[in-house]
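Take a look at the structure below.
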Amino acid sequence: MSEREFPREELDFRLCVTSGQVFRFVECGGSVWRGVDGGDVIEASHESGGRWRVRSFPDPAAADRFLRAEVRLADVVRRIVELEPSWKPLVDRFPGLRVLRQARADETLFSFLCTVNNHLSRIHRLVQTLGSFGECVGDGLFRFPVAGAIAEIGESRLREMGFGYRARTITAVAQELVARGEDWLPSLKSMPYEEAVRALCDLPGVGRKVADCVCLFGLGFDEAVPVDVHLWRATAERFFPDWVGKSLTEHRYRAVGDYYREKFGRLAGFAHQYLFYDSIQRGRRGRETKRPRR
DNA sequence: AGCGAACCGGAC
DNA sequence: TCCGGTTCGC
């Protein structure tokens, strides 16, 4: 089995799989992380403070695809800071944060349907639950189920398992994917970004945010900028002061994405990930230190 | 166009 | 009481 080592500044595996891009990786034992992408198990380990060693099987090349090993993060980060110097503290705070690429866009789609108006801890549980309907490829490791298998679970059973109102959209999307055929979703890769977004938003329960997540993490559109409520607030504070406190409308969503695409071009997806994760952290810290209300 | 409310259920 | 959103009705 081939193994690849990444310098610290090129990869923090734990950060990558816990920063809201994928939801099925777990820590097993000390400093070993394991999960499944596509048909392959991906495993990473490191000695404290050391470099991450990553391997995958049965396909030893799967890990490189998942981590986009061909991207030299040092170059990306340097270019981002050249384009927007105010990003320096952000990229310094999260060394080794890479944008991942999932092998199957359907896993990305169903995963982010689980994130709708939800907490990270419950998101993990729900996505793991969906995953357990796929083919078992090891101890607690599952290939993600195909759309047909998800459709067969049924809305009522999903509700029983705690999916709430997401049960309806997940089932509806699964049926829709079955109807369109398995080639439909991957075929969006060869469309222009805007067309892919429109096609995804056509699916029930899929709006701009989920569509952009699928575009960035599942379909390979590096210019996609998913704007959630945290990134929205952080962006308004930095670049759109007039919009602080305002709601995120369709028009403003587009303006934010276009702003970052204009500034960062094809690096917009990578650049957004730093501010996104920072805004999540701030949200958590803010809650922890929040005083009880009168 | 922009805003607010409803929506499941679990975490804090 | 608050969500890493979408949809619907003003």
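In what follows, chains carry the letters A, B, and so on, assigned in the order in which the sequence lines appear, proteins first and then strands, with residues in each chain numbered from 1.
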Can you tell me how far [atom2] of [N] sits from [atom1] of [X], to the nearest Å?
X: A/Leu109; N: C/dG5; atom1: CG; atom2: P; answer: 16 Å
X: A/Arg233; N: C/dG4; atom1: CZ; atom2: P; answer: 9 Å
X: A/Asp212; N: C/dT6; atom1: CG; atom2: C1'; answer: 14 Å
X: A/Leu275; N: C/dG4; atom1: CG; atom2: C1'; answer: 13 Å
X: A/Leu200; N: C/dT7; atom1: CG; atom2: C1'; answer: 17 Å
X: A/Arg208; N: C/dG5; atom1: CZ; atom2: C1'; answer: 14 Å
X: A/Leu203; N: C/dT6; atom1: CG; atom2: C1'; answer: 13 Å
X: A/Ile170; N: C/dT6; atom1: CD1; atom2: P; answer: 13 Å

[X] bridged to [Y] by N-O distance under 4.0 Å:
X: A/Glu10; Y: A/Arg51; answer: no
X: A/Asp75; Y: A/Arg79; answer: no
X: A/Glu194; Y: A/Arg198; answer: no

Of the listed nucleotides (B/dG10, C/dG5, C/dG4), which one gets closest to any side-chain atom of A/Phe276?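 Minimum distance to the A/Phe276 side chain belongs to C/dG4.
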Let me have a per-nucleotide readout for nucleotides 1-8 of chain B, 5' to 3', with B, S or -, counting only protein heavy atoms under 4.0 Å. -SS---BB
For A/Arg65 and A/Asp40, work out which heavy atoms get closest and say how close.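 Looking at all heavy atoms of both residues, the shortest contact is NH2-OD2, 4.2 Å.
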Nearest heavy-atom neighbours spanning A/Leu275 and A/Tyr260: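 Closest pair (atom of A/Leu275, atom of A/Tyr260, distance): CD2-OH, 3.3 Å.
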How far does the [atom1] atom of [N] sit from the matching atom of [M], given to the nearest Å?
N: C/dG5; M: B/dA1; atom1: P; answer: 22 Å
N: C/dG9; M: B/dC8; atom1: P; answer: 15 Å
N: C/dG4; M: B/dG2; atom1: C1'; answer: 22 Å

What is the ring orientation for A/Trp243 with A/His251, classed by angle as parallel under 30°, tilted 30 to 60°, or perpendicular over 60°?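 Rings of A/Trp243 and A/His251: perpendicular, as their planes differ by over 60°.
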For C/dT6, which nucleotide is its Watson-Crick or G-U wobble mate, given both distances must be under 3.5 Å?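 By the stated definition (distances under 3.5 Å), B/dA6 pairs with C/dT6.
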Look at the side chain of A/His119 and the base of B/dG10, then say whether one donor and one acceptor between them are separated by less than 3.5 Å.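 Looking at the base of B/dG10, it does pair with a donor or acceptor on the side chain of A/His119 (distance under 3.5 Å).
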Just one of A/Phe94, A/Phe264, A/Phe270, A/Tyr274 clears the ring-ring contact (aromatic ring centres under 6.0 Å, His included) bar with A/Trp87, so which one?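 Of the listed options, the one satisfying the test is A/Phe264.
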Using a 4.0 Å heavy-atom cut-off across all strands, classify A/Gly205 as base, sugar-phosphate, or nothing.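 Result for A/Gly205 = sugar-phosphate.
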